[in-house]
Asks: 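I'd like to ask you about the structure that follows.
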Amino acid sequence: MTAGRVFRIFHSPFAEAKAFMDVVVVESPAKARTINKYLGEDYVVLASYGHVRDLPAKDGSVKPDENFVMTYETDPKSAKHLADIAKALKNAEHLYLATDPDREGEAISWHVLQALEEKRAVKGIPVKRVVFNEVTRSAVLDAMRHPRDLDMNLINAQQARRALDYLVGFTLSPVLWRKLPGARSAGRVQSVALRLVCERETEIEKFKAREYWTIEVVFLADGKKFTARLASLDGKKLDKFDLADRASAEAAARRIAESPFHIADVQTKPVRRHPAPPFTTSTLQQEASRKLGFSAKHTMQIAQRLYEGVDIAGERAGIITYMRTDGVQMANEALTAARKVIASEYGDAYLPPQPRLYKATAKNAQEAHEAIRPTNLARLPNQVAPFLEPAQAKLYDLIWKRALASQMESARLDQTAADIVSEAGDIGLRASGTVVVFPGFLRLYHEDVEDAKPDETEDERRLPPLKTGAKLEREAVTPEQHFTEPPPRFSEASLVKKLEELGIGRPSTYAQILSVLQERGYMRIESRRLIPEDKGRLVTAFLENFFQRYVEYDFTADLENQLDRISAGAIPWTQVLRDFWTAFRAAVQDTEGLRVKDVVSALDQALGPHIFPETPDGRDPRACPGCANGRLGLKLGRFGAFIGCSNYPECRYTRRLGANGEDAQAADAGPKLLGQDPDSGLDVTLRRGPYGYYLQRGEAVGKGKPQRATLPKDVPPDGIDLALALRLLALPRTVGTHPDSGKPIAAGLGRFGPYLEHEGTYARLASTEEALTVGLNRAVELIANAPKRGQARGRAETLREIGAHPQDNQPVRVLKGRYGPYLNHGRVNAPLPKDATPETVDLETALRLLAERAGKAGKGGRGAKYANGAKSGAKSVKSAKSVKSTKSVKSPKSAKTTKGDAKAKAKKSAAKSQGQTRASEAKTD
C-alpha cells in the first residue's frame with residue numbers, strides 16, 4: 001500500500017473502475033457502504049453478497065472414494081456480482097478480501113478467489129486477506145496496513161464441516177424417506193438439538209407430581225413484620241416431603257399457634273456479587289430472549305446490522321463488534337474506554353482498582369474474537385437511540401449495559417439468617433434475607449435467571465434489625481400446599497445455553513439450528529417454549545434406535561473438537577472425514593435390510609407412553625373403540641404416521657397421531673352413522689382420518705371409491721346431522737345463471753375456504769353456511785366486486801413503510817399478505833426473504849428485490865424499465881440469495897385433476913422436495 005493516499009471509495013457495482021485501483025471485497029453491501037467512508041479514491045469496494053459457491057444439492061458433490069473431492073457450483077445469483085468484481089480487477093493492482101473474521105468469512109474469501117480464478121480474472125494480481133473485528137475507521141485502516149495470506153487451516157475446517165453436513169444429509173435422509181414416510185430430512189447437528197427437546201418432553205410426560213407442605217409464620221419485631229419458615233420439629237430438621245399432606249401440616253400449624261417464640265441466633269455475613277462477562281453469541285441470544293423477547297434469529301439479524309454499520313449523526317460506522325464469537329475478553333482500548341465512562345457517569349466508587357479480565361467457561365470455546373461490545377462505549381444508548389430503529393436501540397442498550405457492567409465494581413451485600421425457636425425448644429423456624437450495602441454493577445445491569453423458582457429467590461427478602469434473645473409476637477400461621485413441578489420446556493435461550501454447555505454447534509449455528517427445526521415441522525414455539533411435534537419425535541426415535549451413535553451428545557461435541565483441531569492445523573481435514581465416513585457408511589449399510597415393519601415395531605415401543613398415555617379410569621389406552629378385540633398401534637402410511645387397529649382391514653378405525661385426551665375421545669367413536677341418503681339408500685357417515693374429520697357416502701366397492709367431503713373448519717363434528725351432511729356432499733353447487741353472460745355461478749369449498757366462481761373469477765364467501773345458502777342476486781354482486789384474474793385484491797394492511805423510492809418518491813412498504821409479509825411499490829410486489837423480517841429489511845434490499853421482481857415481467861417492458869430505474873437509485877444492495885421463487889397459487893376449481901396428472905405432479909414435486917431437503921444443515925462458523 002502506498003502511504004499518504006486520500007481515502008474515498010466507490011462501492012457501487014455499477015460504478016466504472018478507474019485506472020490502477022485496488023479492489024476490496026466484502027460480503028455485504030451494508031458493510032461496503034460503511035467502509036466507503038474510510039478508504040480512498042484508489043480503492044473500489046464490492047460486495048460478494050454472501051457465499052458465491054456451494055455444493056450442488058445432488059448426489060456426488062462430495063466424493064469419499066476420491067479423497068473427499070468437493071465439487072462446488074457458483075450460485076447463479078452470484079454470477080453478476082462476480083462479473084462486477086472481475087471487471088474491476090482489469091485495472092487493479094491488488095485484491096483485498098475483507099470478509100468476516102471467522103471460518104465462514106475465510107471460506108467466503110477463498111470461494112470468491114476460486115471463482116475469480118476460474119474466470120481468469122486475477123491474472124497474477126497480488127491477493128491478500130484483511131480482517132477486522134469491528135467496522136470502524138481505525139480498525140479498517142489498521143487491517144489494511146497488516147494484510148495476510150488466506151488461512152487454509154480455517155478454510156479446510158469449514159470445508160470439513162460442510163462435507164460432514166452434506167454426507168449426513170444426503171446419506172441419512174434417503175434412509176428416512178424409505179423407512180419413515182413423511183419425514184423430511186436429518187441434519188447432523190439439528191438432530192442432536194431435536195433430541196434434547198424431545199427428551200425434555202418425555203421427562204415432562206413421565207413426571208409424577210408429589211404433594212408437600214410448608215408453613216410460614218409472620219412475626220413482629222419492634223413493630224416490624226417479617227416472615228419465617230418452619231425448619232424443624234421435635235429436634236429433627238424437616239426434609240421437603242416430611243409434611244406430606246394437609247393433616248400433618250395442620251397439626252404442625254396448631255403446635256406453632258400454641259407456642260411462644262424468641263430469636264435464638266442471628267448471623268450476618270458480607271458477600272460480594274460479581275458482574276457477568278460481556279456477551280458472547282449464545283449469552284446475547286439468551287438475554288435478548290429473556291429481556292426483550294427476541295428470537296435467536298431476530299437477535300442475530302439486528303446485531304448484524306449494528307455490526308455492519310448505521311448512520312449516527314451523519315457518520316456511518318459499525319457500533320458493535322463482530323457478533324459471532326465465544327470469546328469473553330475485551331481489547332485493552334475498550335477496557336480503558338469503559339473505565340473512563342464508568343468514572344464519568346457513575347463515579348470512582350463504581351470503578352474497581354484494576355480492569356476485570358475474563359476467561360470463557362463454555363466447553364470447546366475457541367475465544368478467537370473479542371466479546372460482543374460497543375465499538376465506542378462513549379456512545380451512550382440514549383445518544384444513539386434517535387438514529388436507530390426501536391429493536392436496534394433495545395439491543396444496543398442491552399449490549400452497552402452488559403459490557404460496561406462487566407468492568408464495574410462488585411455489589412456488596414449483607415446476608416442475614418435468624419434462627420427462631422419455641423420456648424420449649426421443640427419447634428424451629430428460620431428467616432433469611434439480604435440487604436444491598438453497595439449496588440456496584442447492579443445499579444446498571446442485572447442478569448436474568450430463567451425458570452427460577454420462588455425458593456431460589458427468597459433470600460432477596462429484607463429483614464428488620466433483629467437481636468438474639470428478643471421475644472417475638474406471632475401473627476399469622478399459614479400452611480401452604482405445593483406440588484413438585486416437572487422440568488420446564490426449553491426456550492430458545494435455555495436450549496442455546498444447553499447446546500453451548502455440551503459443546504454442540506458454534507456461535508454462528510445456534511439461530512440456524514432453531515430455524516431449521518421449525519421450518520421442517522419438527523418442533524413449534526408456543527408461549528416462547530419449544531414443543532416437539534410428533535413428526536420430530538418419530539425422527540428422533542428412529543435415529544435413537546438405528547443411528548444411536550450419531551445423535552449422542554459426546555460424539556457430536558467430539559466432532560466439534562476435531563474441527564477446531566483442523567483450524568489449528570493439528571490434524572488433516574480429510575482424515576477427520578475418512579474416520580467419520582468409514583463408520584457412518586457401515587451404519588447406513590446395516591439398515592439396508594431393515595423392514596418398515598421392524599421400524600414401526602421399534603417406534604411403537606419407544607413412543608408408546610407418549611402415543612397411548614395412561615387413562616384416568618384405568619382402561620387400556622390401546623383398546624380399539626371401533627371393534628371388540630383390536631389393539632391400537634402406530635402405523636406408517638404414504639403420508640406419514642397415524643394410529644390404526646390391528647384388525648385391519650376388517651376394522652378400519654384410524655386416528656391421527658397425537659390425538660390424545662379430548663381429541664382422542666372424539667375420534668374414538670369411530671365411523672358415526674348419520675343416516676341413509678334418500679336418493680341412493682347409501683349410508684352417510686362421519687369419520688376421522690389421519691388429517692381430520694370427513695363425510696363419506698357409501699363404502700368402497702372393488703376399485704370404486706366412495707364420495708367424500710372434508711368437514712369444514714367452521715362446522716363442529718358434534719353439530720353435523722344428515723341434512724347438513726348431504727348439503728356438504730352436494731358441493732360445489734350451481735347458484736344460478738349470470739344475467740349478463742348466461743354462464744353458471746358455482747358455490748363450493750376450496751383449500752382456502754368457501755368461494756364463488758364464474759368464468760374464472762373467484763369471490764370469497766364468509767362461511768360455509770354462506771356457500772350453502774347464498775342466492776343469485778348476492779352472488780352476482782360479489783362476482784362484480786371480485787378482482788378479475790391477474791388483478792390485485794383488496795388493499796392489504798401496511799406493516800411498515802420503509803422509505804421513498806428514489807425514482808418517483810412513492811412509498812416502498814411491507815404489506816401483510818395471505819402467505820406472509822411482502823414488499824410493495826406501486827403495482828410491483830416482491831416476496832420478503834426468509835432471513836428478513838418486516839422490522840429489519842432496509843430500503844436498499846427492498847429496492848433490489850422489487851427491481852428483480854419487476855425485471856422478470858419481461859425485457860424491454862414496464863418491468864425492465866422499473867428494474868433499470870431501481871438500479872440507478874440504489875448504490876448497494878443486500879444478497880437475494882435467500883429469496884426463493886414462488887409459484888402463484890390458483891383459486892379452487894370445481895374441476896378435478898385426473899389421477900394420472902395428480903401422480904405425475906406428485907412425483908415431480910417429491911423429487912424437487914427431496915433435492916432441496918437433502919441439502920445441508922446450517923452454514924457454520
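Heads up: numbering here begins at 1 and tracks the sequence.
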Asks: Atom CG in L466, atom CG in L463: separation rounded to 0.5 Å?
Replies: 5.5 Å
Asks: Which residue pairs pass the ring pair (Phe, Tyr, Trp, His ring centres under 6.0 Å) test with at least one member in residues 422-445, sequence neighbours excluded?
Replies: Y350-F438
Asks: So which atom in K237 and which in D242 form the shortest heavy-atom distance, rounded to 0.1 Å?
Replies: O-OD2, 3.9 Å
Asks: Validate the cation-pi geometry between R200 and F490: distance from NZ or CZ to the six-membered ring centre under 6.0 Å, angle to the ring axis within 45°.
Replies: yes
Asks: Measure from the side-chain N and O atoms of Y358 to the backbone N and O of S406, and report whether any donor-acceptor pair falls under 3.5 Å.
Replies: yes
Asks: Are L395 and L284 side-chain neighbours, meaning at least one heavy-atom pair lies under 4.5 Å?
Replies: yes
Asks: Please confirm whether the backbone N or O of M323 pairs with a side-chain atom of T281, one donor and one acceptor, at under 3.5 Å?
Replies: yes
Asks: Suppose we screen for salt bridge (charged side-chain N to carboxylate O under 4.0 Å, His left out). Which residues come up paired with E526, at least two apart in sequence or across chains?
Replies: R524
Asks: So which of T321, I320, L398 actually passes side chain to side chain contact (heavy atoms under 4.5 Å, CB included) with F279?
Replies: L398
Asks: Would you compute the distance between atom CD of Q285 and atom OG1 of T280 and round it to the nearest 0.5 angstrom?
Replies: 8.5 Å
Asks: Above 12 or not: heavy atoms from other molecules or residues under 6.0 Å from CG of D245?
Replies: yes
Asks: What I want to check is whether the side chains of R474 and S259 have a donor and an acceptor closer together than 3.5 Å.
Replies: no
Asks: Does R520 reach the side chain of K535, with side-chain heavy atoms less than 4.5 Å apart?
Replies: no
Asks: Please lay out, stage by stage, how S491 and L495 fare under the test side chain to side chain contact (heavy atoms under 4.5 Å, CB included).
Replies: CA-CA 6 Å; S491 65; L495 181 60; over 6 Å; no
Asks: Distance-only, no hydrogens or angles: does the S527 side chain make a donor-acceptor pair with backbone N or O of R529 under 3.5 Å?
Replies: no
Asks: With a 4.0 Å cut-off on N to O distance, would you call E552 and R549 a salt bridge?
Replies: no
Asks: Quick one: are E345 and K340 in side-chain contact, heavy atoms under 4.5 Å?
Replies: no
Asks: State, to 0.1 Å, how close P275 and A405 come at their nearest heavy-atom pair, and which atoms those are.
Replies: CB-O, 3.2 Å
Asks: Measure across G608 and R622 and return the closest heavy-atom pair with its distance rounded to 0.1 Å.
Replies: CA-NH2, 3.8 Å
Asks: Do other residues, nucleotides or ligands put more than 12 heavy atoms under 6.0 Å from the NZ atom of K498?
Replies: no
Asks: Scan side-chain atoms only and decide if S410 and R356 contain a donor-acceptor pair under the 3.5 Å cut-off.
Replies: yes
Asks: Decide salt bridge (Lys or Arg N to Asp or Glu O under 4.0 Å) for R373 and E370; before the verdict, give the C-alpha distance in whole Å, the side-chain angles of both, and the deciding distance to 0.1 Å.
Replies: CA-CA 8 Å; R373 61 167 175 83; E370 273 192 82; 2.6 Å; yes
Asks: For the residue pair T268 and T416, confirm or rule out a side-chain donor-acceptor distance under 3.5 Å.
Replies: yes
Asks: How long is the span from the CD atom in E544 to the SG atom in C198, to the nearest 0.5 Å?
Replies: 8.0 Å
Asks: Kindly indicate, with the supporting measurements, whether the criterion side-chain hydrogen bond (donor to acceptor under 3.5 Å, both in side chains) is fulfilled by R255 and S422.
Replies: CA-CA 10 Å; R255 290 179 60 183; S422 62; over 6 Å; no
Asks: Is a side-chain N or O of N545 found less than 3.5 angstrom from the main chain of F542, in a donor-acceptor match?
Replies: no
Asks: Whether the E211 and H482 side chains hold a donor-acceptor pair (N or O, under 3.5 Å, no angle test) is what I'd like checked.
Replies: no
Asks: Evaluate E409 against R272 for salt bridge (Lys or Arg N to Asp or Glu O under 4.0 Å), listing each step before the verdict.
Replies: CA-CA 10 Å; E409 184 60 89; R272 297 173 70 88; 3.2 Å; yes
Asks: Counting distance only, does the side-chain N/O of D348 pair as donor-acceptor with the main-chain N or O of A343 below 3.5 Å?
Replies: no
Asks: Would you say K297 has more than 12 foreign heavy atoms packed within less than 6.0 Å of its NZ?
Replies: yes
Asks: Just verifying a value: how many Å separate I399 CD1 and D397 CG, rounded to the nearest 0.5 Å?
Replies: 10.0 Å
Asks: So, K236 and D426, do they make that salt bridge, N to O below 4.0 Å?
Replies: no
Asks: Got I342 and L404 here, is their nearest side-chain heavy-atom distance under 4.5 Å?
Replies: yes
Asks: Hey, is CD on Q481 packed in by over 12 heavy atoms from elsewhere, all under 6.0 Å?
Replies: yes
Asks: With a 4.5 Å heavy-atom cut-off, do E475 and L220 have their side chains touching?
Replies: yes
Asks: Measure across G536 and L194 and return the closest heavy-atom pair with its distance rounded to 0.1 Å.
Replies: O-CD2, 3.6 Å
Asks: Return yes if some donor-acceptor pair links the side-chain N/O of Q518 with the main-chain N/O of L514 below 3.5 Å, else return no.
Replies: yes
Asks: Does I420 form a side chain to side chain contact (heavy atoms under 4.5 Å, CB included) with H262? I'd like the steps, not just the answer.
Replies: CA-CA 6 Å; I420 301 165; H262 67 275; over 6 Å; no
Asks: Counting distance only, does the side-chain N/O of R412 pair as donor-acceptor with the main-chain N or O of V436 below 3.5 Å?
Replies: no
Asks: Working to the nearest 0.5 Å, report the span between NZ of K401 and CG of L444.
Replies: 6.5 Å
Asks: Do L357 and Q329 have side-chain heavy atoms sitting under 4.5 Å apart?
Replies: no
Asks: I'd like to know if the side chain of Q392 and the backbone of E389 have a donor-acceptor N/O pair within less than 3.5 Å.
Replies: yes
Asks: Any side-chain to backbone donor/acceptor pair from Q190 onto I513? Under 3.5 Å, distance only.
Replies: no
Asks: Show your working on salt bridge (Lys or Arg N to Asp or Glu O under 4.0 Å) between D620 and R631 and close with a plain yes or no.
Replies: CA-CA 9 Å; D620 185 0; R631 286 185 59 76; 2.6 Å; yes
Asks: Kindly confirm or rule out a cation-pi arrangement of R195 over Y553, judged by NZ or CZ under 6.0 Å from the six-membered ring centre and within 45° of its axis?
Replies: yes
Asks: Does any N or O in the side chain of S232 come within less than 3.5 Å of the main-chain N or O of G235, such that one atom is a donor and the other an acceptor?
Replies: no
Asks: Do we see a donor-acceptor contact under 3.5 Å between the side chains of E500 and S282?
Replies: yes
Asks: Starting from the C-alpha separation in whole Å, work towards a yes-or-no answer on side chain to side chain contact (heavy atoms under 4.5 Å, CB included) for L538 and T540.
Replies: CA-CA 5 Å; L538 282 168; T540 298; over 6 Å; no
Asks: Got more than 12 heavy atoms from elsewhere within 6.0 Å of CD, E205?
Replies: yes
Asks: I'd like to check T837 versus Q301 (side-chain heavy atoms, cut-off strictly below 4.5 Å). Are they in contact?
Replies: yes
Asks: Is the NZ or CZ atom of R210 positioned over F241's six-membered ring, under 6.0 angstrom from the centre and within 45° of the axis?
Replies: yes
Asks: Mind listing the closest non-hydrogen atom pair of L377 and V341 along with its distance?
Replies: O-CG2, 3.7 Å
Asks: Can you tell if the side chain of R339 reaches within under 4.5 Å of the side chain of P355, non-hydrogen atoms only?
Replies: yes
Asks: So, for D414 and P270, which heavy atoms are closest and what is the spacing to 0.1 Å?
Replies: OD1-CA, 3.7 Å
Asks: The test is side chain to side chain contact (heavy atoms under 4.5 Å, CB included); show your working for V192 and Y550 and say whether it passes.
Replies: CA-CA 8 Å; V192 181; Y550 300 96; over 6 Å; no
